[in-house]
2 protein chains.
Amino acid sequence: MSTPPAPDRPISQELLELTFRLTARLRGGLDAAHTDLGLPPAQAQALASLRAPVPMRELATMLACDASNVTGIVDGLERRGLVERRPDPRDRRVKQLVLTEEGERRRAALDAHIAKTAGEVFDLPERDQEALRDLLSRLVEEPDA
Amino acid sequence: MSTPPAPDRPISQELLELTFRLTARLRGGLDAAHTDLGLPPAQAQALASLRAPVPMRELATMLACDASNVTGIVDGLERRGLVERRPDPRDRRVKQLVLTEEGERRRAALDAHIAKTAGEVFDLPERDQEALRDLLSRLVEEPDA
DNA sequence: TATTGTTATACTCTATAACTATA
DNA sequence: TATAGTTATAGAGTATAACAATA
């Protein structure tokens, strides 16, 4: 077998660095998609998360941020006519977020951008893609109780 | 619940999602290290980047941020007695950043935290670590002209 | 003229706390 | 009492533009 050149640095740290470089590439592609669509990153991320009608609170959970942020983000999306706040008849405290037609179109465009970025960055033969998926899956799996 | 049935989604998008989840785990570990050391993230990242004496400008390049940010970051590190600004005798415009003894100690502690996080997150048999490194390397490699 | 580091300024993202209206 | 959403506010991170000292 071959001798590794200079294993003075643990491989896990190499993996850390590679992961952050990969993330930087992905982030760059997504940011380009956002500016392309004329949306600030936070609004774009929210838009990408909106499928079925969802209460504000749940969107906050999906975005992993405080509920107070969601107000401003949804304000922006509403100002652009991409989303509506609908009262929930079953609980008058909650507002269901629903995409408008234009919102649906914009989200579809965003999805296409994201898919394009992912396709360009993860440009590997399918077998390697699958190997990578299996490895990454094992890293992010939640440890069961 | 390891394999959600989603055959209609391209694998590259799955990889995108897994990568971001992995990054979130890493980020969490690093943030914990930063608060553990009593340093704001930006200062911690700068500290981790400081080895040999380095001009402010170069630190900005390493951190991939504008030079105007570095002033404040280094102010913070200097206030904590971790770094010194030394005039460069060969070019009196530049200031060389040099870690103090305490700065060196703190950086070593930070390195240990980072290594610990990396070790915990990338907790795989060595063969799988190497496979992952090879795959990631191919993804971040710069395309040659 | 160009460059290093600084300052002033502004914009975004994020969090906390207090408020309202409902439950 | 507790919860959904809002508001006010503050902090951190980042960017641009203008400036002084130096090259």
Side-chain angles (χ1 to χ4, degrees), chain A residues 20 23-24 27-28 30-50 53-80 83-98, chain B residues 20 23-24 27-28 30-50 53-80 83-98:
Chain A
F20 280 128
T23 303
R27 180 73 43 208
L30 296 189
D31 285 352
H34 300 163
T35 52
D36 220 48
L37 278 161
L39 288 174
Q43 286 180 38
Q45 202 190 339
L47 182 63
S49 308
L50 287 172
V54 162
M56 306 272 294
R57 202 86 200 179
E58 200 174 318
L59 180 57
T61 303
M62 292 190 290
L63 298 178
C65 74
D66 190 84
S68 60
N69 298 316
V70 176
T71 299
I73 293 170
V74 171
D75 282 349
L77 291 173
E78 208 172 30
R79 232 182 297 117
R80 294 165 202 268
V83 76
E84 270 179 36
R85 282 182 240 232
R86 290 214 193 132
D88 184 328
R90 291 172 306 176
D91 185 339
R92 281 162 29 214
R93 293 174 303 178
V94 340
K95 295 171 187 173
Q96 296 284 349
L97 300 175
V98 184
Chain B
F20 280 128
T23 302
R27 179 75 42 210
L30 296 188
D31 284 352
H34 300 163
T35 51
D36 219 49
L37 279 160
L39 289 174
Q43 285 180 39
Q45 203 190 340
L47 183 63
S49 307
L50 287 173
V54 162
M56 306 271 294
R57 203 84 199 181
E58 201 174 318
L59 180 58
T61 302
M62 291 190 290
L63 298 177
C65 74
D66 190 83
S68 59
N69 298 316
V70 176
T71 299
I73 294 170
V74 171
D75 283 349
L77 290 173
E78 208 172 29
R79 231 183 296 117
R80 293 165 202 268
V83 77
E84 272 179 36
R85 282 182 238 230
R86 290 214 191 133
D88 184 329
R90 291 171 307 177
D91 184 340
R92 284 166 21 217
R93 292 174 303 181
V94 340
K95 294 172 188 172
Q96 296 284 349
L97 300 175
V98 184

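Source: prediction; values computed, not measured.
- Within the nucleic acid shown, B:N69 comes within 4.0 Å of at least one base atom, counting heavy atoms only.
- Atom CG of A:D75 is separated from atom P of D:dT6 by 7 Å (rounded to the nearest Å).
- Scanning both residues, A:A60 and A:A67, for their nearest heavy atoms gives CB-CA, 3.8 Å.
- Both A:R92 and A:I73 sit near DNA chain C, but only A:I73 has its closest nucleotide nearer the 5' end.
- Minimum interatomic distance between B:Q96 and B:D88 (heavy atoms only, all atoms of both residues): NE2-OD2, 3.0 Å.
- Atom-to-atom distance recorded for B:H34:NE2 and B:Q43:CD is 11.0 Å, nearest 0.5 angstrom.
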B:R27 vs B:F20, test: side chain to side chain contact (heavy atoms under 4.5 Å, CB included). Steps then yes/no. CA-CA 10 Å; B:R27 179 75 42 210; B:F20 280 128; over 6 Å; no

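- Nearest approach of A:V70 to A:L59, heavy atoms of both residues: CG1-CD2, 3.9 Å.
- One can place CZ of A:R90 at 18 Å from P of D:dT3, the figure rounded to the nearest angstrom.
- Of all non-hydrogen atoms in A:G38 and A:R80, the two that sit nearest each other are O-NH1, 2.9 Å.
- Across D:dG13, D:dA4, D:dA8, the shortest atom-to-atom separation from the side chain of B:A42 is found for D:dG13.
- Here the nucleotide nearest the side chain of A:T71, chosen from D:dA4, D:dT16, D:dT7, is D:dT7.
- For DNA chain C, the outermost nucleotides in 5' to 3' order that have an atom under 4.0 Å from a heavy atom of chain A are C:dC13 to C:dA23.
- One can place CG of A:L59 at 15 Å from C1' of D:dT6, the figure rounded to the nearest angstrom.
- Between A:L97 and the choices A:E84, A:R86, A:E58, A:R85, the side chain to side chain contact (heavy atoms under 4.5 Å, CB included) rule is met once, by A:R85.
- Computed from coordinates, the A:D66 CG to D:dG5 P distance equals 12 Å when rounded to whole Å.
- Each of D:dG13, D:dA23, D:dT6 was ranked by its minimum atom distance to the side chain of A:K95; first place goes to D:dT6.
- Computed from coordinates, the B:M56 CE to D:dA21 P distance equals 17 Å when rounded to whole Å.
- Taking atom CG on A:L97 and atom C1' on D:dA4, their separation rounds to 12 Å, with Å as the unit.
- To the nearest angstrom, P of D:dG13 lies 8 Å from CD of B:Q43.
- For a distance-only test at 3.5 Å, the side chain of B:S68 qualifies as a donor-acceptor partner of the base of D:dT16.
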